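Below you'll find the structure, written out as structure tokens, and then a few comments.
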Amino acid sequence: MGALAYLFSWGIILQALAIVHFIRRRPDTYWIFIILFGGALGALVYLLVEALPDLGLLRTSFKGFPRRRRIRELETAILDNPSAGNYEELADLYLEEKKFARARDCYNHAISSRTDSPDPFYRRGICAIEMGDFADAIPDLERVVSKDFKYDYYRAAGLLAHAYAQTGQSDRAAQLFQQVTVVSTTSETQYNYACFLALQQQSNEARAWAQRILNKKPTMPRYLQRRERPWFRKASGLLRRLPA
């Protein structure tokens with residue numbers, strides 16, 4: 001009886017761990033039935049197939065410790081040496097930490113009339129978009145795209161089209177989206193284009209672009225499926241909202 005109780009308790013722990021991971025990572029729905037009805041064995045299979053590969057993502061978490069230490073160092077350094085280089089490095093670190101308002105403010109300090117690199121403008125534009133300030137993102141992204149249409153594998157152009165769409169500039173958004181989606185296969189751009197088409201009452205076209213995102217999943221290696229999960233969820237949600 002003691003051994004059975006011991007195994008039962010470990011089974012409950014495995015199921016709890018599997019359920020927590022499922023809620024956080026949101027893999028395919030069938031896994032929850034395997035976890036709940038497969039008992040300890042089902043949970044163990046899930047953890048080996050889905051959770052174990054995610055251990056590689058911990059490297060990103062560990063990078064956060066030296067990054068935050070470097071942030072503190074730069075915050076002190078700019079008090080004595082408020083150079084553009086220090087501000088830009090600090091801004092990049094804040095952007096990685098998803099502290100968009102602080103990053104944007106640092107980019108403001110880093111950018112001067114002599115700045116000819118598109119990178120700080122591009123990243124400041126990203127911060128503005130993440131903060132919902134699409135109008136303010138447009139000049140920065142226009143500057144980047146006019147200098148290099150392919151910048152960041154066409155992501156800058158895709159974000160500019162999205163900003164146009166969010167500020168009511170439908171004709172410019174449509175034209176730029178059509179240009180970008182010919183050469184870019186990123187799910188972010190495709191999803192933003194699908195949302196734009198939905199707003200234009202072009203439901204069939206929006207449905208086709210959302211479905212295009214989901215059609216990538218069967219042929220993707222699992223590590224890419226993990227990275228693309230947020231876009232798969234968003235595309236599925238958009239399909240449910242669109243009229244049949």
Side-chain angles (χ1 to χ4, degrees), residues 24-29 95-96 98-101 103-104 107-108 118-220 224-244:
R24 296 188 63 180
R25 300 298 298 169
R26 301 271 299 277
D28 294 316
T29 306
L95 184 58
E96 291 177 15
K98 301 186 184 302
K99 296 179 179 180
F100 302 114
R104 187 182 185 183
Y107 284 126
N108 289 339
D119 192 65
F121 293 96
Y122 170 58
R123 293 174 180 272
R124 186 171 68 176
I126 291 175
C127 291
I129 285 178
E130 292 289 350
M131 296 171 66
D133 192 353
F134 296 98
D136 221 35
I138 288 175
D140 283 339
L141 294 173
E142 284 179 335
R143 182 184 182 114
V144 175
V145 172
S146 64
K147 190 168 185 176
D148 183 3
F149 186 77
K150 299 179 181 180
Y151 197 84
D152 199 11
Y153 303 98
Y154 302 99
R155 189 186 181 212
L159 289 175
L160 178 57
H162 180 51
Y164 284 150
Q166 294 298 311
T167 53
Q169 301 180 61
S170 301
D171 292 341
R172 301 178 79 178
Q175 182 180 8
L176 189 52
F177 267 130
Q178 288 166 10
Q179 288 179 267
V180 177
T181 51
V182 170
V183 290
S184 173
T185 60
T186 60
S187 298
E188 178 185 44
T189 298
Q190 292 175 342
Y191 174 76
N192 288 337
Y193 187 35
C195 290
F196 169 71
L197 291 169
L199 288 174
Q200 300 302 305
Q201 306 300 315
Q202 299 179 45
S203 298
N204 291 336
E205 292 85 350
R207 181 175 292 277
W209 278 99
Q211 188 61 52
R212 186 175 298 195
I213 297 171
L214 296 176
N215 289 345
K216 301 176 189 178
K217 187 175 181 179
T219 58
M220 276 185 172
L224 284 179
Q225 289 183 21
R226 285 178 169 77
R227 191 181 68 182
E228 292 288 293
R229 272 178 187 161
W231 300 111
F232 294 150
R233 288 197 291 268
K234 289 181 179 182
S236 297
L238 179 59
L239 285 174
R240 288 193 296 269
R241 296 194 300 272
L242 289 169

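Source: prediction; values computed, not measured.
Considering only residues two or more places apart in sequence or on other chains, Phe196 meets the ring pair (Phe, Tyr, Trp, His ring centres under 6.0 Å) condition with Phe177. When the salt bridge (charged side-chain N to carboxylate O under 4.0 Å, His left out) test is applied to Asp148, no partner is found at least two apart in sequence or on another chain. Residues meeting the ring pair (Phe, Tyr, Trp, His ring centres under 6.0 Å) test with Tyr191, sequence neighbours left out: Trp231. With sequence neighbours excluded, no residue satisfies salt bridge (charged side-chain N to carboxylate O under 4.0 Å, His left out) with Arg241. Scored by the salt bridge (charged side-chain N to carboxylate O under 4.0 Å, His left out) test, Asp152 finds no partners at all (sequence neighbours excluded). For Glu96, the side-chain hydrogen bond (donor to acceptor under 3.5 Å, both in side chains) partners at least two apart in sequence or on another chain are Arg67. Looking at residues two or more places apart in sequence or on another chain, you find no ring pair (Phe, Tyr, Trp, His ring centres under 6.0 Å) involving Phe100. With sequence neighbours excluded, the residues forming a ring pair (Phe, Tyr, Trp, His ring centres under 6.0 Å) with Tyr122 are Tyr151, listed by chain and number.
Looking at Tyr107 and Leu95, their side chains come closer than 4.5 Å, going by heavy atoms from C-beta outward. Residues Arg155 and Ile126 have side chains in contact (heavy-atom distance under 4.5 Å, counting atoms from C-beta outward). Residues Lys147 and Phe121 have side chains not in contact (no heavy-atom distance under 4.5 Å, counting atoms from C-beta outward). Taking the side chain as every heavy atom from C-beta outward, Leu176 and Tyr164 approach each other to under 4.5 Å. In this structure, Ser236 and Arg240 have side chains that are in contact, with non-hydrogen atoms separated by less than 4.5 Å.
Applying the salt bridge (charged side-chain N to carboxylate O under 4.0 Å, His left out) test to every pair with at least one member in residues 199-218, sequence neighbours left out, gives these pairs: Asp28-Lys217. Residue pairs meeting the salt bridge (charged side-chain N to carboxylate O under 4.0 Å, His left out) criterion with at least one member in residues 170-183, sequence neighbours excluded: Glu142-Arg172. For residues 156-166, the set of pairs meeting the salt bridge (charged side-chain N to carboxylate O under 4.0 Å, His left out) definition, not counting sequence neighbours, is empty. Counting only residues at least two apart or on different chains, no salt bridge (charged side-chain N to carboxylate O under 4.0 Å, His left out) pair has a member in residues 177-187.
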Chi angles and distances behind the side chain to side chain contact (heavy atoms under 4.5 Å, CB included) call for Cys127, Arg123
CA-CA 6 Å; Cys127 291; Arg123 293 174 180 272; 5.7 Å; no
Please assess Trp209 against Thr181 for the test side chain to side chain contact (heavy atoms under 4.5 Å, CB included), listing each intermediate value before the final yes or no.
CA-CA 10 Å; Trp209 278 99; Thr181 51; 3.6 Å; yes
Decide side chain to side chain contact (heavy atoms under 4.5 Å, CB included) for Met131 and Asp136; before the verdict, give the C-alpha distance in whole Å, the side-chain angles of both, and the deciding distance to 0.1 Å.
CA-CA 10 Å; Met131 296 171 66; Asp136 221 35; over 6 Å; no
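No hydrogens or angles considered: a donor-acceptor pair under 3.5 Å links the side chains of Gln169 and Thr167.
In this structure, Lys234 NZ and Leu239 CG are separated by 14.5 Å, a value rounded to the nearest 0.5 Å. In this structure, the separation between OH on Tyr154 and CG on Leu160 is 15.0 Å, given to the nearest 0.5 Å. Summarising the geometry, atom CG belonging to Leu214 is positioned 7.0 Å from atom CZ belonging to Phe232; distances are rounded to the nearest 0.5 Å. Remark: Gln202 CD to Leu242 CG distance equals 11.5 Å, nearest 0.5 Å. Of the inter-residue distances, the one linking Asp119 atom CG with Arg124 atom CZ reads 12.5 Å to the nearest 0.5 angstrom.
Summarising the geometry of Ile129 relative to Leu141, their closest heavy-atom pair is CD1-CD1, 3.7 Å, with the distance given to 0.1 Å.
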